[in-house]
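The chain is numbered in sequence order, starting from 1. Since the model is a prediction, treat every value here as computed from it, not as a measurement.
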Amino acid sequence: MGCNSKTDNPFFETYTNKYGAPPFDKIKNEHYMPAFKEGIKQHQAEIDSIANSTEAPTFANTIEKLEYSGELLKKVSSVFFNLYSCNTNDEMEKIVKEISPVLTEHSDNLYLNDKLFVRVKTLYENRSKLGLTEEQIRLLERYHRNFIRSGAALNPEQKTKLRSINKELGLAQLEFGKNVLDETNAYKKFVTKKADLAGLPESVLQAAAEGAKEAGKSGQWLFTTQKSSFIPVLQYSENRELRKELLMAYTTRANHKNASNNDAVINKIMKLRTQKAQLLGFATSADFILDDTMAKTPKAVYDLLNTVWTPAVAKAKAEAAELQKLMDAEGKGEKLEPWDWWYYTEKLRKAKYNLEEEALRPYFKLENVRQGVFDLASKLYGLKFKKLSDMPVYDPDVEVFEVTDATGALIGILYTDYFPRAGKRAGAWMNNIADQYKKDGINHRPIICNVGNFTKPTKDKPSLLNMDEVETLFHEFGHALHGLLTQCTYPGQSGTSVSRDFVELPSQVMENWCWEPEVMKTYAKHYKTGEVMPKELMDKIQLAGTFNQGFINTELLAASFLDMDYHMKKDTASFDVTQFEKASLGKIGMIPQIIVRYRSSYFNHIFSGDYCAGYYSYTWAAVLDADAFQAFKETGDIYNQKVAISFRKNVLEKGDTDDPMNLYRNFRGSNPNPDALLKRRGLK
Ligand SMILES: [Zn+2]
């Protein structure tokens, strides 16, 4: 029998692994399509049987049935889309193009099913009389909301229009991401003379030399638009032309006159999003999207962004002036440009704090940092992590851990996949391979994945992280904890299935611990000697805490404004992307020495991911996380058990079982106060 038969396809079999983990070693490209097709068929049959039932609707025969339907489809989707982000290949690119419109249509078949909507609506209207738990009422409200937001209340003609918008939108978003990935992979800068690389630390040279060798150009040095490759060049290279060339390569991705140019794709996406929002009764796409978040309105978002922007840009201007002074002292008559910022910032950091970021790397061996977050989770929540060596993985770089609680009970499984590869998109993220839920007396535990693109080990050095990478590792691990510690009844509410502007709280709060000397003592150990980072070095990190925050905040907030401005568009006429971006940044008074964190052509978060009108979430959640960490600080003990237990019980375990502001208030006893954030960032 061929591989396409059900018996040879791992998706059609129960995963035999004791944790229910996918058999990554057996899954092949040809298994996806048959599983998708059969999964959709089975799910559709279940939906039809719920919708066509002659029984009066009940929570159990409608909402619960929907909640547990589509098992095979979930099984194949979670594996496919997880690997599509971190281990894609040409064959998967073909599959995604084929399956994505089918999945969109399938989702529309669910939410635009009139009979089903009538059942959901009937239950919704009688929700207070059904004897439901609060969790169940919220789940019912969530379903009703999803139906409405997916167009269930539209007339037949509008529904047809919406279906075609959804289909086109899905494909356009994929195309956007594909163009960015292609452009990222296409750029290779080979440097042939060592003299052109003056100033670069030995470790960076070595990694670049190994990269060139792998690419068949021994004796040269390879640089790419991966952050772990070009950021060190921006920081340390004395070669201003090289700095400029690499930064320009990074910031013009998918913006060249070639087949990967994203201008037309952005136009298409924005037109479709605006049309969709207006079809659903909203003035703009931002109004539509924010209606289902903690922030609720564009005004609330702009208010927050402005609160932080004003002090941030003032600080950035002061920083620029300081950097210019350093340049003036060199007497070359050069004006500060974006490709100078990192370089002179490093010089200034050294002059002010006698701190060189590169000198810290030996203390941030990846395995030590990861052990550091594990130990932190042990101290806060009593968790234990045990490496599993016999689990199937999709790449040799992937490691798997069993997570248990203080009583030895299974909490979940964690995969870590930390190094760049050609089939992995840029950035870092957390994914869910299996949801947590409780059914028939069994508490099904989740399977979580942490993915990154950190500095790779070289021939004679392990992976040694920079500060940004250490913070990112803590951040993604925070998402993982949210996914792991969840204790919900329904899969649709568990783990990170919360509002986008709340989901960054559990991740960002973890960053607060990473530079605390008490925590650093546990993980910042020299990779050769095992010696703990000297106290004076830790003190310097503390002192330099608010250093360069003007830049960091300006870069980030400008991207948030740009995202919002796109989604505040009311008209659907075509527009010039470059001009639009320029106008958006001009309006807020962006300074020319800083480039927005993501320029439009590669702003994956908003054009290929689901952070559209959502990039502000990082700042929104920062208000929450700074205030939340204050709760620990106020007790004088960053491991305070009372606070940790409260955070776990009220936030991490709760998923979407309650309104996020209620969850937060249950933990903190009051609304979040933005002061802690402004102080932490040196903006107040
Ligand atoms: Zn995050």
Side-chain angles (χ1 to χ4, degrees), residues 138 141-142 145-146 149 273 277 282 284-309 312 427 429-430 432 475-476 478-479 481-483 486 492-512 553 556-568 597-598 603-607 609-629 647 650-652 654-668 670-674 676-678 680-681:
R138 187 165 168 90
E141 287 170 349
R142 164 58 45 210
R145 204 174 225 276
N146 285 352
R149 290 177 62 80
R273 284 188 185 156
F282 293 86
T284 69
S285 174
D287 286 281
F288 168 62
I289 291 159
L290 293 166
D291 190 51
D292 195 24
T293 61
M294 206 171 166
K296 305 254 189 306
T297 63
K299 184 181 179 299
V301 173
Y302 278 109
D303 283 352
L304 169 75
L305 295 179
N306 283 316
T307 305
V308 193
W309 174 259
W429 61 91
M430 169 273 208
N432 214 349
H475 177 107
E476 296 309 330
H479 284 306
L481 282 180
H482 194 194
T486 174
Q493 286 180 322
S494 71
T496 54
S497 339
V498 299
S499 175
R500 265 181 342 200
D501 47 7
F502 190 60
V503 81
E504 296 299 332
L505 163 62
S507 52
Q508 291 183 174
V509 78
M510 290 299 284
E511 296 172 26
N512 288 278
N553 282 281
L556 178 90
L557 291 163
S560 311
F561 278 110
L562 180 61
D563 167 32
M564 282 302 292
D565 289 353
Y566 269 116
H567 293 92
M568 289 302 283
R597 183 156 191 169
Y598 296 99
F603 205 161
N604 263 328
H605 287 83
I606 69 165
F607 292 123
D610 38 352
Y611 268 66
C612 39
Y615 200 67
Y616 77 89
S617 301
Y618 295 100
T619 308
W620 186 272
V623 170
L624 301 175
D625 88 65
D627 186 66
F629 191 63
F647 191 67
N650 290 304
V651 176
L652 297 175
K654 286 284 191 258
D656 190 49
T657 52
D658 196 355
D659 179 85
M661 197 52 106
N662 287 344
L663 294 180
Y664 191 80
R665 275 193 294 252
N666 292 343
F667 155 65
R668 189 67 165 116
S670 60
N671 284 341
N673 181 335
L677 173 70
L678 294 174
R680 183 178 74 191
R681 294 187 176 176

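The salt bridge (Lys or Arg N to Asp or Glu O under 4.0 Å) test applied to Asp292 returns Arg142, Arg145, Arg149, not counting sequence neighbours. Considering only residues two or more places apart in sequence or on other chains, His567 meets the side-chain hydrogen bond (donor to acceptor under 3.5 Å, both in side chains) condition with Arg273, Asp563. Residues satisfying the side-chain contact (heavy atoms from CB on, under 4.5 Å) test with Ser617, not counting sequence neighbours, are Arg500, Asp501, Tyr611. Every residue meeting the ring pair (Phe, Tyr, Trp, His ring centres under 6.0 Å) condition with His475, not counting sequence neighbours, appears here in chain and number order: His479. Listed by chain and residue number, nothing satisfies the side-chain contact (heavy atoms from CB on, under 4.5 Å) test with Thr307 (two or more places apart in sequence, or in another chain). By the salt bridge (Lys or Arg N to Asp or Glu O under 4.0 Å) test, Asp287 pairs with no residue at all, sequence neighbours left out. Looking at residues two or more places apart in sequence or on another chain, you find no salt bridge (Lys or Arg N to Asp or Glu O under 4.0 Å) involving Lys296. Scored by the ring pair (Phe, Tyr, Trp, His ring centres under 6.0 Å) test, Tyr598 finds Phe603, His605, Tyr615 as partners (sequence neighbours excluded). Applying the ring pair (Phe, Tyr, Trp, His ring centres under 6.0 Å) criterion to Phe629, with sequence neighbours excluded, gives Trp513. Residues meeting the side-chain hydrogen bond (donor to acceptor under 3.5 Å, both in side chains) test with Asn553, sequence neighbours left out: Gln549, Arg681. Every residue meeting the salt bridge (Lys or Arg N to Asp or Glu O under 4.0 Å) condition with Arg138, not counting sequence neighbours, appears here in chain and number order: Asp656.
Proximity of a side-chain donor or acceptor of Tyr618 to a complementary backbone N or O of Gln508 within less than 3.5 Å is not detected. Between the Asn306 side chain and the Asp303 main chain, no donor and acceptor come within less than 3.5 Å of each other.
Looking at Arg597 and Ser560, their side chains never come closer than 4.5 Å, going by heavy atoms from C-beta outward. Counting heavy atoms from C-beta outward, Thr293 and Trp620 have side chains that stay 4.5 Å or more apart. Counting only heavy atoms from C-beta outward, the side chains of Leu290 and Phe282 never approach each other to under 4.5 Å. Contact annotation: the side chain of Phe667 never approaches that of Lys654 to less than 4.5 Å [non-hydrogen atoms, C-beta and beyond]. Considering only heavy atoms from C-beta on, Leu652 comes within 4.5 Å of Pro506 through its side chain. With contacts defined as side-chain heavy-atom distances shorter than 4.5 Å, the pair Asp658/Asn666 qualifies. Here the side chains of Cys612 and Ile289 are in contact, with some heavy-atom distance below 4.5 Å. Taking 4.5 Å as the limit, some side-chain heavy atom of Met661 sits within range of a side-chain heavy atom of Asn671.
Looking at every heavy atom in both residues, His482 comes nearest to Gly495 through NE2-O, 3.4 Å. In terms of heavy atoms, Ala558 sits closest to Trp309 at N-CZ3, 3.9 Å. Heavy atoms only, all atoms of each residue included: Ala286 and Met564 are closest at CB-CE, 4.2 Å. Between Val509 and Ala628 the shortest heavy-atom distance is CG2-CB, 4.2 Å. Scanning both residues, Val623 and Pro674, for their nearest heavy atoms gives CG1-CA, 3.8 Å.
For residues 610-629, the pairs satisfying salt bridge (charged side-chain N to carboxylate O under 4.0 Å, His left out) are Asp625-Arg680, Asp627-Arg668, with sequence neighbours left out.
Here OG of Ser499 is found 11.0 Å from CD of Glu504. Values are rounded to the nearest 0.5 Å. Between the OH atom of Tyr566 and the CZ atom of Phe561 there is a distance of 16.0 Å, given to the nearest 0.5 Å. With rounding to the nearest 0.5 angstrom, the OG1 atom of Thr619 is 6.0 Å from the CG atom of Leu304.
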